[in-house]
Amino acid sequence: MIPVAIPDLGGNEEKYVLEALSSTWISSTGAFLDRFEQEFAPLCDSRFGLAVCNGTAALHLAMLTLDVGPGDEVLVPSLTYVATANAVRYVGATPVFVDVEPSTWCIDPSLIESAITPRTKGIIAVHLYGHPADVDRINQIAAANDLWVVEDAAEAPLAEYKGRRVGSLSSIATFSFFGNKVLTSGEGGAVTLSDETLLQKARTIRGQGVDPHRRYYFPVIGHNFRLTNIAAAILCAQIERAETILAQRQAVFDRYESLLANAPGIGFQPVAAWAKRSPWLFCLTVDADTYGHTRDELAAHLLENGVDTRPFFYPLHKLPPYEAKGANKVDLPNTDLLAGSGMNLPTYASLEPAQIEKICTLIRDFSR
Ligand SMILES: Cc1ncc(COP(=O)(O)O)c(C=O)c1O
């Protein structure tokens, strides 16, 4: 079976984990955590980085740091991983779902204005499948309406928007280092930001709300969103090879795109002129009329032949917890179309050219 993802742990990961173990610093303090935070921020063109235990906690921390609470509304795309909207709900606020634009598959800036109400506090711009959202346009609307912007960059580390790295384009950005991500520590996450006041607040909330100058005194209610020094050891090794990891994944993308070029009914992720993608999971769309089979039929065919795939995210506004609150009353045609026709193909450094050829031949030959 060819899986969708295999982490690339071929550098100093093992060595650094053993170093962390032998140092006995295995909890949420240690040299690897300090090093990771110092190195990750500049990698994202940002001033500060905070390590957290996963990308969901990073989003939750962003909401708490920005004082989002009951009665507030936050604009989010419907085509994203469920954690983006769940983080809004964790703090008692309401996610308001906005459609994505066909040119980026990210939140459509032209639809934001009409979704704003007196309760709207901010916008979460998700850099979907490694492609940056059109942040300048989003920031302009946000500034005009006194809203904050958070980048959910879980799927897009090192992606670039007009020459600037994601993670530096808004008030707070969040990242995930889950096992299938571009950079990974198994479970892990980070927040990047450049405002010192927000940094102090986020750090306090991440660490149970403890006063930085008075031990065991808790002026606010915080959370335990900390990452371990062992996980940070893995991340330090990943950062050393970040450019190589990206280049290897990009080579997989290039091979898919050349072998599937002009295949009837098969489409690729669009890349805006101003964007440099982070090559996360290769994306394919299936136009069933032209291809002759639906996305799900193709996925089943690939699975029968030993190739695992992933359907695109299910529209969040149609998931039970959100539907129950009336979120499905909006019409989000681009989200529905992509969610029903898109799939991710296996993408990892050790995926061999012969395996990519096998996958592409299966896709081409199944068309009728
Ligand atoms: C867009 C997006 N946001 C948030 C997350 C949550 O990250 P994690 O799984 O590390 O909690 C993910 C990934 O899983 C994601 O793809």
More than 12 heavy atoms of other residues, nucleotides or ligands under 6.0 Å from CG of Leu198: yes or no?
yes
Working to the nearest 0.5 Å, report the span between CD1 of Ile230 and CG of Leu227.
10.0 Å
Salt bridge present between Glu160 and Arg164 (N-O < 4.0 angstrom)
no
Do Leu158 and Trp280 share a hydrophobic cluster, counting only Ile, Leu, Val, Met, Phe, Trp and Tyr and linking them when any side-chain heavy atoms are less than 4.5 Å apart?
yes
What verdict does the side-chain hydrogen bond (donor to acceptor under 3.5 Å, both in side chains) test give for Tyr216 and Asp211, after you've listed the backbone C-alpha separation in whole Å, the side-chain angles of each residue and the deciding distance to 0.1 Å?
CA-CA 7 Å; Tyr216 291 96; Asp211 188 318; over 6 Å; no
Ionic contact status for Arg277 with Glu257, cut-off 4.0 Å:
yes
Got a sec: does the CH2 of Trp148 have more than 12 other heavy atoms crowding it under 6.0 Å?
yes
Can we say Arg165 and Asp45 salt-bridge, meaning some charged N sits less than 4.0 Å from an Asp/Glu carboxylate O?
no
Sidechain N-carboxylate O distance under 4.0 Å for Glu196, Arg47
yes
Taking atom CD1 of Ile266 and atom OG1 of Thr285, what is their separation to the nearest 0.5 Å?
7.0 Å
Step by step, work out the ring pair (Phe, Tyr, Trp, His ring centres under 6.0 Å) result for Tyr90 and His60.
CA-CA 7 Å; Tyr90 294 160; His60 191 174; 5.0 Å; yes
Determine whether His293 and His301 satisfy the following criterion, ring pair (Phe, Tyr, Trp, His ring centres under 6.0 Å), listing intermediate values before the conclusion.
CA-CA 10 Å; His293 294 281; His301 176 69; 7.6 Å; no
For Val91 against Val88, the heavy-atom pair lying closest together
CG2-O, 3.1 Å
Kindly compute the distance separating OH (Tyr348) from CG (Leu281), expressed to the nearest 0.5 Å.
11.5 Å
Given Asn12, which of Arg241, Gln238, Glu240 fulfils the side-chain hydrogen bond (donor to acceptor under 3.5 Å, both in side chains) condition?
Glu240
Here the pair of heavy atoms bringing Ser278 nearest to Ala159 is N-CB, 3.7 Å
Looking at Phe177 versus Phe36, is the centre-to-centre ring distance below 6.0 Å?
yes
Rest of the hydrophobic cluster containing Ile123 (Ile/Leu/Val/Met/Phe/Trp/Tyr, side-chain heavy atoms under 4.5 Å)?
Leu75, Val96, Val98, Ile107, Leu111, Ile112, Ile116, Ile138, Ile141, Leu147, Val149
Is the count of non-hydrogen atoms from other residues, nucleotides or ligands lying under 6.0 Å from Lys276 atom NZ greater than 12?
no
Where do Asp108 and Ser110 come nearest, in terms of heavy atoms and distance?
OD1-OG, 2.8 Å
Ser176 (side chain) donor-acceptor with Gly189 (main chain) under 3.5 angstrom:
no
Which of these passes side-chain contact (heavy atoms from CB on, under 4.5 Å) with Thr84: Val126, Thr174, Val150?
Val126
Value rounded to 0.5 Å, distance of CZ in Arg35 from CG in Leu235
11.0 Å
Grouping I, L, V, M, F, W and Y whenever their side-chain heavy atoms are under 4.5 Å apart, do Leu338 and Val286 come out in a common cluster?
no
Evaluate Thr197 against Leu199 for side-chain contact (heavy atoms from CB on, under 4.5 Å), listing each step before the verdict.
CA-CA 5 Å; Thr197 311; Leu199 169 76; over 6 Å; no
Point-to-point distance, once rounded to the nearest 0.5 Å, from CG of Leu362 to OG of Ser367
13.0 Å
Indicate yes or no: does Lys201 engage Asp67 in a salt bridge with an N to O separation below 4.0 Å.
yes
Does the pair Arg206/Glu37 count as a salt bridge with the N-to-O cut at 4.0 Å?
yes
Does the pair Asn344 and Cys283 meet the rule for a side-chain contact (heavy atoms from CB on, under 4.5 Å), with working shown?
CA-CA 5 Å; Asn344 299 110; Cys283 298; 3.5 Å; yes
Taking the ring centre of each residue, are Phe312 and Trp105 less than 6.0 Å apart?
yes
Apply side-chain contact (heavy atoms from CB on, under 4.5 Å) to Leu284 and Leu298, showing your working.
CA-CA 11 Å; Leu284 199 83; Leu298 173 59; 4.3 Å; yes
Yes or no on side-chain contact (heavy atoms from CB on, under 4.5 Å) for Met343 and Asp296, after CA distance, side-chain angles and deciding distance?
CA-CA 9 Å; Met343 71 198 298; Asp296 292 343; over 6 Å; no
Nearest atoms (heavy-atom pairs only) where Thr104 meets Pro270
N-CG, 4.4 Å
Paired with Arg255, the side-chain contact (heavy atoms from CB on, under 4.5 Å) test is passed by just one of Ile356, Leu351, Leu260, namely Ile356
Can you confirm whether the side chains of Glu151 and His127 place a donor and an acceptor under 3.5 Å from each other?
yes
Yes or no on side-chain hydrogen bond (donor to acceptor under 3.5 Å, both in side chains) for Tyr81 and Asn86, after CA distance, side-chain angles and deciding distance?
CA-CA 9 Å; Tyr81 186 58; Asn86 283 353; over 6 Å; no
Answer yes or no: does atom CZ of Phe366 have more than 12 heavy-atom neighbours from other residues, nucleotides or ligands under 6.0 Å?
yes
Trace of the ring pair (Phe, Tyr, Trp, His ring centres under 6.0 Å) decision for Phe175 with Phe40
CA-CA 11 Å; Phe175 293 85; Phe40 189 64; 4.9 Å; yes
Taking atom NZ as the centre, does Lys325 end up with more than 12 heavy-atom neighbours from other residues, nucleotides or ligands that are less than 6.0 angstrom away?
no
Heavy-atom pair with the smallest gap, counting every atom of Cys53 and Arg226:
CB-O, 3.2 Å
Considering all heavy atoms of both residues, which atom of Ala93 and which atom of Gly69 are nearest to each other, and what is their separation?
CB-O, 3.5 Å
Are Leu193 and Val74 connected, step by step, through hydrophobic side chains (Ile, Leu, Val, Met, Phe, Trp, Tyr) whose heavy atoms are closer than 4.5 Å?
yes
Report yes or no: do Asp254 and Gln250 form a side-chain donor-acceptor pair below 3.5 Å?
yes
Using atom types as modelled and distance alone, determine if a side-chain donor or acceptor of Asn229 lies under 3.5 Å from a backbone N or O of Ile26.
no
Students should find that the hydrophobic cluster of Met1, defined by side-chain heavy atoms under 4.5 Å apart, otherwise consists of Leu303
Measuring from Ile234:CD1 to Cys236:SG, what's the distance to the nearest 0.5 Å?
10.5 Å
Flag the pair Tyr129 / His131 as yes when their ring centroid distance falls below 6.0 Å, and as no otherwise.
no
When you group the ILVMFWY residues by side-chain heavy-atom contacts below 4.5 Å and let the links chain together, are Leu246 and Val252 in the same group?
no
